Amino acid sequence: MVTKQFSGSPEDADLRRADSLAREIFSDVANKWALLIIESLGERTLRFSELRNEIEGVSHKMLTQNLRMLERYGLIERTVHPVVPPRVEYTLTEPGQALRVTIDGLCDWTHQYLGHIEASRHRFDA
C-alpha cells in the first residue's frame, strides 16, 4: 500500500483511512523497540552501545532500523562527531520529547495494571 502525502491541516486528517499517514506513523512508532528507545533516551543523549545496553534483548539490526525510522520521523536527532573512531549520539527532538510524555503515561498504566493483566491472562489461558 502506498501512503498518500498529507497536504491539509491536521484537523482534516482522517485517521481511520487505510492510506492515512497517521496509520503509517502509528504502525512504525507504536512498536516495542521504538517505545523503549524513546523511553530510554528520555532527557539524555546516548551512544548506540549505551542504548543497546539499556534495552535488554534488542538486536543490533533492530536497534539500527528503529533509530533510522525515528530519525526519519524527526523524533530523534543523530549527531556524528568527527573523531576516530566516529562517535555517534542520539537525543530526542522536541516532537520526540512530546511523544515521550505519552509513552510515560503508557508505562505508568502498565505498572499500575500489570498484576490485573497477568491475573486476567492466567484465567483466560486456563
Side-chain angles (χ1 to χ4, degrees):
M1 174 185 332
V2 176
T3 305
K4 293 182 179 177
Q5 292 289 333
F6 181 73
S7 58
S9 71
E11 293 80 24
D12 297 333
D14 186 351
L15 305 180
R16 296 164 295 181
R17 288 180 49 98
D19 62 351
S20 169
L21 176 59
R23 277 199 187 182
E24 184 178 335
I25 294 168
F26 292 163
S27 175
D28 288 345
V29 173
N31 76 68
K32 66 181 175 183
W33 301 126
L35 295 176
L36 290 171
I37 289 167
I38 292 168
E39 183 65 20
S40 293
L41 281 172
E43 303 276 339
R44 307 180 292 172
T45 297
L46 295 174
R47 296 175 69 176
F48 184 93
S49 59
E50 293 171 323
L51 270 169
R52 189 156 179 214
N53 291 337
E54 288 269 329
I55 305 169
E56 188 175 322
V58 69
S59 68
H60 187 279
K61 177 183 175 182
M62 289 309 298
L63 183 55
T64 299
Q65 286 177 350
N66 278 275
L67 286 169
R68 287 180 181 163
M69 177 269 300
L70 291 169
E71 183 180 13
R72 179 175 182 244
Y73 283 124
L75 301 175
I76 65 169
E77 184 176 281
R78 178 178 181 264
T79 304
V80 180
H81 298 277
V83 295
V84 178
R87 191 174 89 231
V88 181
E89 296 177 328
Y90 298 91
T91 189
L92 292 177
T93 61
E94 183 180 334
Q97 287 288 351
L99 180 57
R100 184 175 159 252
V101 172
T102 300
I103 294 169
D104 285 348
L106 182 59
C107 290
D108 292 344
W109 174 87
T110 303
H111 285 116
Q112 182 176 352
Y113 292 104
L114 193 61
H116 172 83
I117 293 168
E118 186 176 26
S120 293
R121 287 173 55 172
H122 181 71
R123 283 191 307 275
F124 184 88
D125 294 342

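Everything numeric here is computed off the predicted structure, so don't read it as measured data. All heavy atoms count here, side chains included; hydrogens, waters and symmetry mates do not.
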In Å, rounded to the nearest 0.5 Å, how long is the span from OG1 of Thr91 to CD of Glu43?
8.5 Å
Backbone of Arg23 reached by a side-chain donor or acceptor of Ser27 within 3.5 Å
no
Determine the minimum heavy-atom distance between Ser40 and Ile55, stating which atoms define it.
OG-CG1, 3.5 Å
Between Leu99 and Pro95, is any pair of side-chain heavy atoms under 4.5 Å apart?
no
Minimum heavy-atom distance Ile38-Gly96, with the two atoms named:
CG2-O, 4.1 Å
Nearest 0.5 Å, please: how far is NE2 in His111 from CG in Leu114?
7.5 Å
Can you list the steps and then say if Arg52 with Ser49 is a side chain to side chain donor-acceptor pair (under 3.5 Å)?
CA-CA 5 Å; Arg52 189 156 179 214; Ser49 59; over 6 Å; no
Rounded to the nearest 0.5 Å, what separation is found between the OH atom of Tyr73 and the CG atom of Leu21?
6.5 Å
If hydrophobic clusters are built by linking Ile, Leu, Val, Met, Phe, Trp and Tyr wherever their side-chain heavy atoms come under 4.5 Å apart, do Leu36 and Val101 end up in the same one?
no
Is there a side-chain contact between Met69 and Leu75 (heavy atoms, below 4.5 Å)?
no
Whether over 12 other heavy atoms sit under 6.0 Å from His81 NE2
yes
With a 4.5 Å limit on heavy-atom distance, are the side chains of Val58 and Ile37 in contact?
no
Using a 3.5 Å distance criterion without hydrogens, assess whether the side chain of Gln97 forms a donor-acceptor pair with backbone atoms of Gly42.
yes
Nearest 0.5 Å please: distance from the CD atom of Glu71 over to the CD atom of Glu77.
8.5 Å
If you look at every heavy atom in Glu89 and Thr45, which pair is closest and at what distance?
CB-CG2, 3.5 Å
Kindly say whether Gly74 contributes a backbone atom to a donor-acceptor pair with the side chain of Thr93 at under 3.5 angstrom?
yes
Steps toward side chain to side chain contact (heavy atoms under 4.5 Å, CB included) verdict (His60, Phe48):
CA-CA 9 Å; His60 187 279; Phe48 184 93; 3.4 Å; yes
Going by the angle between their ring planes, with limits at 30° and 60°, are Trp109 and Tyr113 parallel, tilted or perpendicular?
tilted
Quick check for you: to the nearest 0.5 Å, what is the distance between Leu67 atom CG and Met62 atom CE?
10.5 Å
Spacing of CG belonging to Asn66 relative to CG belonging to Asn31, to within rounding of 0.5 Å
4.5 Å
